[in-house]
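The chains referred to below are lettered A, B, ... by the order of the sequence lines, with proteins before strands, and numbering in each begins at 1.
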Amino acid sequence: MPELPEVETIKRDLEKIILGKKITEVCVHHPAVIRQPDVAKFKQYLQGAKIKNILRKAKVLVLELSNGKSLVIHLKMTGQLVYPGDAKKSRVSFYLDDGKILDFNDQRLFAELRVLDDWRSLKFIQNLGPEPFDLPLAQFKEMLAPKKTKIKALLMEQGFVSGIGNLYAAEVLFKSGIHPERPANSLSDKEKETLLKAIKDILNQAIKHGGSSIDDYVRLSGERGDYVRYHRVYGRQGQPCLACKTPVKRIALGGRGTYFCPRCQK
DNA sequence: AATGGGACCTGCGCGC
DNA sequence: TGCGCGCAGGTCCCAT
């Protein structure tokens, strides 16, 4: 569930709270989430290291450490970082030199934790398309031109643009008045412009409100993200469109729940 | 090349 | 009450 705005929110929360702190001990309660290297080395590389820098690439968090290595975290769907934690239902607990715990939770065990020498060389990172905020309109138009794929599927492709998932894809298409099944190359120049603006606007607004707490996502403090209040279509099937009162429709697109207004989105 | 489906997992809410 | 089932969606992988 965490998409760009949620991960960015966590990143900013982490910067305020744990930047500069030292990891004194790592307790791995569920080894499945440790993807690289093995658990013993994972712990060894982290223990005693200071958190020197925190960054986000698409939906991935990177904690650069004083020993030159990096802790790379992909929360996937149900991953959470919580501080201060109590190590009760966490998959991994990071004990910090302030005497408190940074807990990593993940109900469904999809998340991926790695310690790497060079996070930039991770294949997933290498394959990422541009971040929407760094994307000029001319380039966006060029990128869409040869694509026949349904626009919503394309927006969610991390190699195309990075950071957008199912929820924000639905919201930006509603705001743009574009039907999720439109072939990407059928969008007019005007629509492409509207769409890129909607992407930037909505992601920015969502960051401003600390992201969207739908299922598991919470901020570092455990607080919920407030952007749910501003959702127009996501999760609202059968309810009246906030613009025209037509019931919001839900279809399956690429196996994903897709919400849209059949009247406002053409 | 693009699309669809399954796999990875678990907990929740639903209908019976 | 309790069971089985579908569903939730980020990403990879495979088949068509």
- Message: If you assign each of N127(A) and G255(A) to its closest nucleotide in DNA chain C, which residue comes earlier from the 5' end?
- Response: G255(A)
- Is it the case that K249(A) places NZ or CZ above or below the six-membered ring of F260(A), under 6.0 angstrom from the centre and within 45 degrees of the axis? no
- Task: Please find out if less than 6.0 Å separates the ring center of H74(A) from that of F110(A).
- Result: no
- Task: Find the distance I251(A):CD1 to dC7(C):C1' and express it as a whole number of Å.
- Result: 17 Å
- In terms of heavy-atom contacts, does NZ of K200(A) have more than 12 from other residues, nucleotides or ligands at under 6.0 Å? yes
- Note on the structure: Rounded to whole Å, CZ of R256(A) lies from C1' of dG10(C) at a distance of 7 Å
- Task: Looking at every strand, decide which applies to E112(A) at a 4.0 Å heavy-atom threshold: base, sugar-phosphate, or nothing.
- Result: nothing
- Message: Within a 6.0 Å radius of atom NZ on K100(A), are there more than 12 heavy atoms belonging to other residues, nucleotides or ligands?
- Response: no
- Message: Please report the distance, rounded to the nearest Å, between CZ in R108(A) and P in dC7(C).
- Response: 13 Å
- Item | Nucleotide dC12(C), atom P - distance to CD of E157(A) in whole Å | 11 Å
- Message: If you count heavy atoms of other groups shown closer than 6.0 angstrom to CZ of R263(A), is the number above 12?
- Response: no
- Determine the Euclidean distance between corresponding P atoms of dT11(C) and dG11(B); express it in Å to zero decimal places. 22 Å
- To the nearest Å, give me how far apart CG (D216(A)) and P (dG10(C)) are. 12 Å
- Item | Any-strand Watson-Crick or G-U partner of dC9(B), both distances under 3.5 Å | none
- Nearest-Å distance once atom P is located in both dG6(B) and dG6(C): 12 Å
- Looking only at side-chain N and O atoms, does R35(A) come under 4.0 Å of OP1 or OP2 in dC12(C)? no
- Message: Please report the distance separating the P of dC5(C) from the corresponding atom of dA7(B), rounded so that it comes out in whole Å.
- Response: 15 Å
- Of Y168(A), Y227(A), Y230(A), which meets side chain to side chain donor-acceptor pair (under 3.5 Å) against S212(A)? Y168(A)
- Message: The side chain of Y234(A) is closest to which nucleotide in this list: dC12(C), dG10(C), dA8(C)?
- Response: dA8(C)
- Query: Starting at the 5' end of DNA chain B and moving along, which residue's nearest nucleotide shows up first, R91(A) or G254(A)?
  - Reply: G254(A)
- Just how far, in rounded Å, is P of dG10(C) from CG of D106(A)? 14 Å
- Between CG of N166(A) and C1' of dA8(C) the distance, given in whole Å, is 10 Å
- Scan every strand shown for a Watson-Crick or G-U wobble partner of dG2(C), both distances under 3.5 Å, and answer none if you come up empty. dC16(B)
- Query: Rounding to a whole Å, what distance do you find between F110(A):CZ and dT11(C):C1'?
  - Reply: 10 Å
- Which is the 5'-most and which the 3'-most nucleotide of DNA chain B that has an atom under 4.0 Å from a heavy atom of chain A? dT3(B) to dG11(B)
Can you give each donor-acceptor pair under 3.5 Å made by side-chain atoms of residues 137-147 of chain A, sequence neighbours left out, with the distance rounded to 0.1 Å?
none

- Message: Whether E64(A) and K52(A) form a salt bridge (side-chain N of Lys/Arg under 4.0 Å from carboxylate O of Asp/Glu) is what I want to check.
- Response: no
- Phosphate-side-chain proximity, H74(A) and dT11(C), N/O vs OP1/OP2 below 4.0 Å: yes
